[in-house]
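The first residue of the sequence shown is numbered 1, and numbering continues consecutively from there.
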Amino acid sequence: MGDTALEAVLRRDRAVVMTALVVIALLAWTYVLWLAVDMAMPGVPVADGAAGGMAGMDMSNTDIGGMDMGAAVAPGFRTWASADFVFIFTMWAVMMVGMMTPSIAPMLLLYAGVGRKARVDGQPIASTAWFFAGYLIVWIVFSIAATGAQWLLARFALLDPAMATNSATLGGLVLIAAGLYQWTPVKGVCLRQCQAPIAFLASHGGFRTTPPGALRLGIGHGAYCLGCCWALMALLFVGGVMNVLWIAGIAILVLLEKMVPAGQLIPRISGALMVAIGVWLVFPAL
């Protein structure tokens, strides 16, 4: 195959992967927006019930798909049932897919391009889908932990109807902790692995020829990404888990940290701002 033909094939494969990623991200964001709108607008019928307004009304009347959202957000209505855990987990998992898919795009495009060339050369590697699946597994596991954290906050009456902490002190402490983490060596190590796909592959043995190997490689990359971003995700409890602008803002920050060639500058600036705002919330009189 000539160089021109090979380049055309590589471009086609990257276009297919990019299209798939855009579709996945759009579907995830559509779901998040649908939930946010239904939770914010009283009297909108959905599934088996009506989505009552999450703010400014009796949460015990809020029902999405037959599930009492008041129980999942604010305690005192009833203990979470299995359906509540499933609903909240699904919400977190889909939201993580929407937020994190854009930032993994450079790695997947590199993987797809190399994969096509490897097949042409007669040395195929495992499908890009296996690597992506491994990456998503990490964020699905994180979603389980986030669901547990939301349950715990609701249990202690620390969430308001917007799924944000109703304690300025707790919100400030979360901001301070997240801001300080932005300056830690662990954050730096994880961010460097996420910023440089080629360097990550070189330091982890390169591409894999078998699906299990590619899955493990994706999990490894996802673990670095989690190490880079978990503290930022905790900020969702500060601004509101269903606050779409807040979600988008965090997603943009994650993308900038990984895509802008500014080393540690963006996380350190954002970290300093988080600490400053957190201190103001904890000590408003200062």
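Side-chain contacts under 4.5 Å among hydrophobic residues (ILVMFWY), followed directly or transitively, place Leu245 with no other residue at all.
Listed here is the closest heavy atom pair of Pro124 and Thr209: O-CG2, 3.8 Å. Taking both residues in full, the closest heavy atoms of Ser167 and Leu170 are given as OG-N, 3.1 Å, listed atom of the first, atom of the second, then distance. A pairwise comparison of heavy atoms in Leu175 and Gly278 identifies CB-CA, 3.9 Å as the closest pair. Looking at every heavy atom in both residues, Cys194 comes nearest to Cys225 through SG-CA, 3.5 Å. Annotation for Cys190 and Cys228: closest pair CB-N, 3.7 Å, computed over non-hydrogen atoms. Contact record, Thr184 with Leu180: CG2-O, 3.4 Å, taken as the closest heavy-atom pair.
Between Phe132 and Tyr135, the angle of the ring planes stays under 30°, which puts this pair in the parallel group of the 30/60° scheme. Between His221 and Phe131, the ring planes lie tilted relative to each other; the angle falls in the 30° to 60° range.
Hydrophobic clustering of Ile, Leu, Val, Met, Phe, Trp and Tyr side chains at less than 4.5 Å, counting indirect connections, keeps Val241 apart from Val86. By the rule that hydrophobic residues join a cluster once side-chain heavy atoms approach within less than 4.5 Å of another member, Leu265 and Val186 end up as members of separate clusters. By the criterion of side-chain heavy atoms lying less than 4.5 angstrom apart, applied directly or through intervening Ile, Leu, Val, Met, Phe, Trp or Tyr residues, Leu232 is not grouped with Met259; the two fall into different hydrophobic clusters. Grouping the Ile, Leu, Val, Met, Phe, Trp and Tyr side chains by contacts below 4.5 angstrom, directly or via other members, places Phe89 apart from Ile137. Following chains of ILVMFWY side-chain contacts shorter than 4.5 Å, one cannot reach Met91 starting from Ile144, and the two form parts of different hydrophobic clusters.
Atoms CG and OG1, on Leu26 and Thr101 in that order, are 10.5 Å from each other to the nearest 0.5 Å. Atom CG in Leu235 sits 11.0 Å away from atom SG in Cys229 (nearest 0.5 Å). Of the inter-residue distances, the one linking Ile125 atom CD1 with Arg208 atom CZ reads 10.5 Å to the nearest 0.5 angstrom. Between Leu21 atom CG and Leu109 atom CG the span is 6.5 Å, to the nearest 0.5 Å. To the nearest 0.5 angstrom, Thr210 atom OG1 is 9.5 Å from Leu215 atom CG. In this structure, the separation between CG on Leu108 and OG on Ser103 is 9.5 Å, given to the nearest 0.5 Å.
At most 12 non-hydrogen atoms from other residues, nucleotides or ligands lie less than 6.0 angstrom from CD1 of Ile198. Few gaps surround CH2 on Trp29; more than 12 heavy atoms of other groups in view lie less than 6.0 Å from it.
Within the 4.5 Å cutoff, no side-chain heavy atoms of Met274 are placed close to those of Tyr181. Residues Leu217 and Leu201 form a side-chain contact, since some pair of their non-hydrogen atoms from C-beta on lies under 4.5 Å apart. For the pair Lys258 and Met100, the minimum side-chain heavy-atom distance is below 4.5 Å. Contact annotation: the side chain of Trp80 never approaches that of Arg155 to less than 4.5 Å [non-hydrogen atoms, C-beta and beyond]. Annotation: side chain of Thr147 is not in contact with side chain of Gln150 (no heavy-atom distance under 4.5 Å). Taking the side chain as every heavy atom from C-beta outward, Ile176 and Leu281 never approach each other to under 4.5 Å.
Using a 4.0 Å cut-off between a side-chain N of Lys or Arg and a carboxylate O of Asp or Glu, Glu257 and Arg268 do not qualify as a salt bridge.
Taking the six-membered ring wherever Trp is involved, the centroid distance between the rings of Trp92 and Phe85 does not fall below 6.0 Å.
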Evaluate Asn243 against Leu236 for side chain to side chain contact (heavy atoms under 4.5 Å, CB included), listing each step before the verdict.
CA-CA 8 Å; Asn243 183 332; Leu236 289 167; over 6 Å; no
Run the numbers on Tyr224 and His204 for side chain to side chain contact (heavy atoms under 4.5 Å, CB included), then give the verdict.
CA-CA 12 Å; Tyr224 279 115; His204 289 80; 3.3 Å; yes
Could you please spell out the steps behind the side chain to side chain contact (heavy atoms under 4.5 Å, CB included) verdict for Leu158 and Asn166?
CA-CA 6 Å; Leu158 292 172; Asn166 54 23; 4.2 Å; yes
Show the numbers, then the answer: is there a side chain to side chain contact (heavy atoms under 4.5 Å, CB included) between Val94 and Leu35?
CA-CA 11 Å; Val94 175; Leu35 285 183; over 6 Å; no
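Panel note: side chain Asp84, backbone Phe87; no donor-acceptor pair is recorded below 3.5 Å.
Side-chain contact annotation: Gln182 with Lys187, donor-acceptor N/O pair under 3.5 Å present. Donor-acceptor pairing under 3.5 Å is lacking for the side chains of Trp183 and Gln264.
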